[in-house]
Amino acid sequence: MYNLNRKQILLTATLVLSLAACKKLDLAPSDRFTELTFWQSNENVANFLNNVYGGMYSSQTFFYSEALTDNAVSTRNGNTSGQADIIAGGNFTSTLPRFGNEWAFYYGGIKSANIFLDNLDKNTTLTGSLKERYRAEARFIRAFHYANLTNLWGDVPLLKNDISADDAKSVARTPKADVISFIISELDAVTAALPKKEEYGAADRGRITRGAALALKARVLLYQGNRMQEVVAACEALIDNGAQNGQYALVPAYSDVFSPTNEYNSEVILDLQYAPVTRTWNEFIDFAPISAGARSNNMAPTQELVDSYIMLNGRGIRETGSGYNEANPYVNRDPRLAATIVFDQGEWKDDPAATARTIYITPGSTPAGGSNVDEYNTAGQGTPTGYFWRKYYDHTSRSNNYSSGLNLILIRYADVLLMYAEAKNALGGLDAATWDKTIGALRRRAGFSDPGALNFPSASTASLTEIIRRERRSELAMEGRRFDDIRRWGLAETVLNGWAHGARYGDPAIDNGYLRVQQRGFNSSRNYLWPVPESERALNSSLTQNPNY
């Protein structure tokens, strides 16, 4: 992680924002920074840019976006989960605080980036190349914020410079197409100015790279649905041109991608920076098995996610010849299932050196004399679905109340491979060679060996589309990608209406015994976009509302 003194950064930001609100002075005091002198300090410039990085994303959004999809449910403490349970239920209005908080978060990040960009040239002592790199980093982060905003709200105000509080009261929404054009032009502009990852020293690990700009460009273009040839070009710049744009490769073992001992691995393209004590996240205290020291369960995987993992022979569990046994459902499954989710009688290690122990979740299954705290119980603090999370478990954080300094990966090379496969398939060009270096490579890394899973399937484009979508879900579960995927594919109205289910611990006469955990609702006439927060519209009458809110 690059040098990041959180307290110093916050003080720096507060000072600059205060200075910006003050009348400019003709004389600069010599005993403290003023608006006239602040940007002359190279250290101040670096710290302010670190502050821009610090406001890039949040761990709560990273994890709990899963509970806005068919991958997970959150049934307790709506504030802790960002009110995911309320949004998933479909019974919300534009006054829900989550919408205002998220809008303010992204625009706060944009304001910080704009302040930095508007003032950077006041510094006359930084080298030209370093200044241009700093500028490119801030422009990337601003583009990242706008990409998230347009995914959620469609048309949003496009602010290319910092504006006053009074001006902010009359700014209108910019058409999404124009915002997307701005994002792509910004990413194109900064690509050349950003170093490839190998050109950063150890102290600067985690900074924005040329590869990150190309990968974000591919993601933004993919989400538009009609620019697949451009997606292919951006992905090929990473897959086939590592000498120019950075060398990325799949980590040999899937679980190692998310290990605290393997940060900054070959697969990481962009990650959210954390460090023990200085900046941490602790959501896993509500995800892990109770016997592993969790305090409760606030987000659990669904049966729908578990069912999406294929068999070792490459077939879905309900396909003819799959070999799936509903009475023994976790046998011969995609190894990523066990690497991501803790299911009944799955193994768990409190740390890599510990002896594996069995997690008993089925009611009444714990051996005599053992603790039954992980068993499904409607009155307990355990899992509401019969499943816990394993992915992103940081064993080094257990002794500190699950306060983790493990970086959270925002874009990784596996996603680039999946985007490439999806775009090539949409263009009718997914062949055996492309399959082998994308889906085939991911499955080999996961641990598949059966030719039925590894060989290019003789299937229609539509069938290949379903295979790629299922692969994305299995590979990227708990990484925040499903939220955007089901919306851009138009699947949200199908997968988010009805019950989210848990394991087969319920009444056999109801849904074949699979627990009804949470009733979902998704109105296709409005919910593909979030409502513009009423708190913002009260301040700015020029902000129009999205349809049917």
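Being a predicted model, the structure only gives us computed values, none of them experimental.
- Counting only residues at least two apart or in different chains, side chain to side chain donor-acceptor pair (under 3.5 Å) contacts with residues 234-244 comprise Glu236-Tyr420, Asn241-Gln244.
- Side-chain contact between Tyr324 and Arg315 is absent, with no heavy atoms from C-beta onward closer than 4.5 Å.
- To the nearest 0.5 Å, the span separating CZ on Arg526 from OG on Ser94 amounts to 9.0 Å.
- Within the 4.5 Å cutoff, the side chain of Leu408 has heavy atoms near those of the Trp281 side chain.
- Salt-bridge check for Glu267 with Arg445: passed, with a basic side-chain N closer than 4.0 Å to an acidic carboxylate O.
- In this structure, CG in Asn151 is found 6.0 Å from NZ in Lys176, a value given to the nearest 0.5 Å.
- The two residues His145 and Ile110 make their nearest non-hydrogen contact at CB-CG1, 3.7 Å.
- Minimum interatomic distance between Asn313 and Gly321 (heavy atoms only, all atoms of both residues): ND2-O, 3.2 Å.
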Let's go through Ile510 and Arg516 carefully: what are the C-alpha distance in whole Å and the side-chain angles of both, what is the deciding distance for side chain to side chain contact (heavy atoms under 4.5 Å, CB included) to 0.1 Å, and is it a yes or a no? CA-CA 8 Å; Ile510 300 175; Arg516 287 184 169 183; 3.5 Å; yes
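- Taking every heavy atom of both residues into account, Glu347 and Arg390 meet most closely at O-NH2, 2.7 Å.
- Within the structure, salt bridge (charged side-chain N to carboxylate O under 4.0 Å, His left out) contacts touching residues 324-338 (residues at least two apart or in different chains) are Glu326-Arg504, Asp334-Arg336, Arg336-Glu471, Arg336-Glu475.
- Side-chain atoms of Tyr549 come within 3.5 Å of backbone atoms of Leu529 as a donor-acceptor pair (strictly under, hydrogens ignored).
- Nearest heavy atoms, Gly206 versus Tyr53: O-CE2, 4.0 Å.
- Smallest separation of non-hydrogen atoms from Gln545 and Val532: OE1-N, 2.7 Å.
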Is there a salt bridge (charged side-chain N to carboxylate O under 4.0 Å, His left out) between Arg444 and Asp436 once you walk through the steps? CA-CA 10 Å; Arg444 286 192 297 273; Asp436 188 62; 2.9 Å; yes
Start with the C-alpha distance between Tyr274 and Leu272, add both sets of side-chain angles, then the distance that settles side chain to side chain contact (heavy atoms under 4.5 Å, CB included), and finish with yes or no. CA-CA 7 Å; Tyr274 289 92; Leu272 190 60; 3.4 Å; yes
List the steps and the verdict of salt bridge (charged side-chain N to carboxylate O under 4.0 Å, His left out) for Glu319 and Arg470. CA-CA 14 Å; Glu319 291 182 40; Arg470 184 165 56 190; 3.5 Å; yes
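- The ring pair (Phe, Tyr, Trp, His ring centres under 6.0 Å) test with Trp530 is passed by exactly one of Trp153, Tyr106, Phe92, Trp103: Trp153.
- The backbone N or O of Pro301 sits less than 3.5 Å from a side-chain atom of Thr385, completing a donor-acceptor pair.
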Starting from the C-alpha separation in whole Å, work towards a yes-or-no answer on side chain to side chain donor-acceptor pair (under 3.5 Å) for Asn265 and Glu263. CA-CA 5 Å; Asn265 60 67; Glu263 285 187 323; over 6 Å; no
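- Aromatic rings from Phe62 and Tyr392 are positioned such that their centres are separated by under 6.0 Å.
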Please test Tyr393 against Trp389 for ring pair (Phe, Tyr, Trp, His ring centres under 6.0 Å), starting from the C-alpha separation and ending with a verdict. CA-CA 8 Å; Tyr393 168 66; Trp389 291 109; over 10 Å; no
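- To the nearest 0.5 Å, atom CZ of residue Arg469 and atom CD1 of residue Ile486 are 11.5 Å apart.
- Put simply, the side chain of Glu466 never gets that close to the backbone of Ala462: no donor and acceptor are under 3.5 Å apart.
- Residues Thr61 and Phe105 are not in side-chain contact: their nearest non-hydrogen atoms beyond the backbone lie 4.5 Å or more apart.
- Here the side chain of Asp344 pairs a donor or acceptor atom with the backbone of Ile361 at under 3.5 angstrom.
- Side-chain contact between Gln60 and Asn101 is absent, with no heavy atoms from C-beta onward closer than 4.5 Å.
- At a threshold of 4.5 Å between non-hydrogen side-chain atoms, the residues Leu491 and Asp70 do not count as touching.
- Using modelled atom types, one side-chain atom of Arg520 and one backbone atom of Thr69 make a donor-acceptor pair closer than 3.5 Å.
- By the neighbour-count criterion of 12 heavy atoms within 6.0 Å, atom CG of Asn328 is densely surrounded, having more than that number from other residues, nucleotides or ligands.
- Looking only at distances, a side-chain donor or acceptor of Ser266 sits under 3.5 Å from a matching main-chain atom of Ala249.
- For the residue pair Thr434 / Asp431, a side-chain donor-acceptor distance below 3.5 Å is found, with atom types taken as modelled.
- A distance of 9.0 Å separates CG of Leu427 from CG of Asn425, quoted to the nearest 0.5 Å.
- No side-chain donor-acceptor contact under 3.5 Å links Arg227 to the backbone of Leu221.
- In this structure, Tyr528 has its ring center closer than 6.0 angstrom to the ring center of Phe522.
- The shortest distance between side-chain heavy atoms of Asn546 and Pro531 does not fall below 4.5 Å.
- Cation-pi contact between Arg412 and Tyr254: absent, since separation from the ring centre below 6.0 Å together with deviation from the ring axis within 45° is not met.
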Evaluate Asp286 against Asn298 for side chain to side chain donor-acceptor pair (under 3.5 Å), listing each step before the verdict. CA-CA 5 Å; Asp286 292 320; Asn298 198 35; 4.9 Å; no
Hey, mind stepping through Val342 and Thr383 against side chain to side chain contact (heavy atoms under 4.5 Å, CB included) and telling me if it holds? CA-CA 11 Å; Val342 183; Thr383 167; over 6 Å; no
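- For the residue pair Met419 and Ala215, the shortest heavy atom distance occurs at CE-O, 3.9 Å.
- Under the 3.5 Å distance criterion, the side-chain polar atoms of Arg98 are matched with a main-chain donor or acceptor of Gly82.
- Side-chain contact between Gln345 and Tyr330: absent, with no pair of heavy atoms (C-beta onward) separated by less than 4.5 Å.
- Separation of the Phe287 and Tyr64 ring centroids falls under the 6.0 Å cut-off.
- Counting only distance, with no hydrogens or angles, the side chain of Glu199 and the backbone of Lys196 share a donor-acceptor pair below 3.5 Å.
- Judged by distance alone, with hydrogens and angles left aside, the side-chain atoms of Ser74 form no donor-acceptor pair with the main-chain N or O of Ser81 at under 3.5 Å.
- With respect to Asp485, the side chain to side chain donor-acceptor pair (under 3.5 Å) criterion is satisfied by exactly one of Arg481, Arg487, Arg488: Arg488.
- Note that CG of Leu270 and NZ of Lys197 are 12.5 Å apart. Values are rounded to the nearest 0.5 Å.
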Given the rule in the salt bridge (charged side-chain N to carboxylate O under 4.0 Å, His left out) test, do Glu479 and Lys391 qualify, once you have shown the distances and angles that lead to the verdict? CA-CA 9 Å; Glu479 297 181 52; Lys391 192 173 184 178; 2.6 Å; yes
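- How far CE of Met299 is from CD of Glu66: 6.0 Å, rounded to the nearest 0.5 Å.
- Taking 4.5 Å as the limit, some side-chain heavy atom of Asn148 sits within range of a side-chain heavy atom of Phe144.
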